[in-house]
Amino acid sequence: MNIAVLLAGGTGQRFGASVPKQFVTLNDKPMIVYALEIYERSPHIDAVEVVCVPEYIPLVRQWADRWGITKLKWIVEGGSSCQESTYKGILGLERHCSQDDLIMLGMSTSIFVDEDIISDSLRVCKKFGNAFAAMQCIYNLAYTDDGESFEKINRKEKHRTINMPWTAPYGTWDTLYRKAAQENIEMKADSYAPTLFLAMGETLYFSKDTPKNKIHVTTQQDYDILCALFEYEKRSKDKCDI
């Protein structure tokens, strides 16, 4: 079984809206619904779990019913950080998964994950044991200690930008996160699955990503870009239909 886990436990403080960013509407539809629809359509995904801000759980269920999201099977409460929400999501699947089931973690504001990204993530995971979406950096990276100056440049050819989805067998997620929680390894506010995997001695493997998938809504400016892209694509489609 292949299960998508959507992380929707953040409060979106950087976005500055009255509701968390994943619940902000775009063309009268909450952003999380667009993300859910991606995995609903995918023939490679069997079920979906949402890790959610507690007070929005009833709304997510209502939206799933309204927009026909039949693969949503479980909703669990999120934590105070992405890492804690990830751990709670893994624990929430304990009674539903076998060790070999593949768990694909995605962001609830990533609404441009396409079928090629999903299928390649599963392919790489089956071959190597995990998969982390990534692309070669398009800019060189300036290394800085003081935030004001730099004396070293990391060449773009040797670096990748890490994105989501992240995929691994349930048994891997469960083992690593239980150990991390018990021994307080990479459970800080700025910790994520990739940093945890590396801290546990795991090698990470790249899967496909696209420039479009890098559009995540974190700030109001991101949302404005997203709205502009939606309008552009709508106009392009309308022209093709003429």
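We number each residue from 1, following the sequence as shown. Note that these values count all heavy atoms, side chains included, but never hydrogens, waters or copies made by symmetry.
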Notebook entry, point to check: Can a donor-acceptor pair be found between the side chains of Ser98 and Asp101 at a distance below 3.5 Å?
Noted result: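 A donor-acceptor contact under 3.5 Å links the two side chains.
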Item checked: Value rounded to 0.5 Å, distance of CD in Gln83 from OG in Ser191 ->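 So the gap between those two atoms works out to 5.5 Å.
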Item checked: Qualifying salt bridge (Lys or Arg N to Asp or Glu O under 4.0 Å) pairs with a residue from residues 184-204, counting only residues at least two apart or across chains ->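 For residues 184-204: Glu186-Lys188.
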Checklist line | Polar side-chain atom of Lys179 near backbone of Ile185 as donor-acceptor pair, under 3.5 Å | finding: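 Checking the backbone N and O of Ile185 against the side chain of Lys179, no donor-acceptor pair under 3.5 Å is found.
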Notebook entry, point to check: Under 3.5 Å, side chain of Ser121 to main-chain N/O of Ile117, donor-acceptor pair present?
Noted result: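 No; judged by distance alone, with no hydrogens or angles, the pair does not exist.
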Checklist line | side-chain hydrogen bond (donor to acceptor under 3.5 Å, both in side chains) contacts in which one or both residues fall within residues 153-163, not counting sequence neighbours | finding: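 Listed once each, the pairs are Thr161-Lys214, Asn163-Asp209, Asn163-His216.
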Note to self: If hydrophobic clusters are built by linking Ile, Leu, Val, Met, Phe, Trp and Tyr wherever their side-chain heavy atoms come under 4.5 Å apart, do Leu72 and Tyr39 end up in the same one?
What the structure shows: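 Linked within one cluster.
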Mark yes when over 12 heavy atoms from residues, nucleotides or ligands other than [X] sit less than 6.0 Å from its [atom1]; otherwise mark no.
{"X": "Arg66", "atom1": "CZ", "answer": "no"}
{"X": "Asp146", "atom1": "CG", "answer": "yes"}
{"X": "Glu55", "atom1": "CD", "answer": "yes"}

May I ask you to test the [X]-[Y] pair for a side-chain heavy-atom distance under 4.5 Å?
{"X": "Gln22", "Y": "Met107", "value": "no"}
{"X": "Val51", "Y": "Thr86", "value": "no"}
{"X": "Thr203", "Y": "Phe128", "value": "no"}
{"X": "Val48", "Y": "Ile69", "value": "no"}
{"X": "Met164", "Y": "Leu7", "value": "yes"}
{"X": "Leu91", "Y": "Arg178", "value": "yes"}

Notebook entry, point to check: Taking all non-hydrogen atoms of both residues, which atom of Ala168 and which atom of Trp173 are closest, and how far apart?
Noted result: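 Result for this residue pair: O-NE1, 3.0 Å.
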Next item on the list: Write down the atom of Thr195, the atom of Tyr192, and the distance for their closest heavy-atom approach.
Entry: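 Taking Thr195 first and Tyr192 second, the nearest heavy atoms are OG1-O, 2.7 Å.
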Notebook entry, point to check: Tell me the ring-ring contact (aromatic ring centres under 6.0 Å, His included) pairs involving residues 68-96, sequence neighbours left out?
Noted result: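 Found Trp74-His96.
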Notebook entry, point to check: Angle class for the Trp63/Phe23 ring planes (parallel below 30°, perpendicular above 60°, tilted otherwise)?
Noted result: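 Tilted: the ring planes of Trp63 and Phe23 meet at 30° to 60°.
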Next item on the list: Is it possible for you to check whether Lys21 lies under 6.0 Å from the centre of the six-membered ring of Tyr223, through NZ or CZ, and within 45° of that ring's axis?
Entry: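 Checked: cation-pi criterion not met.
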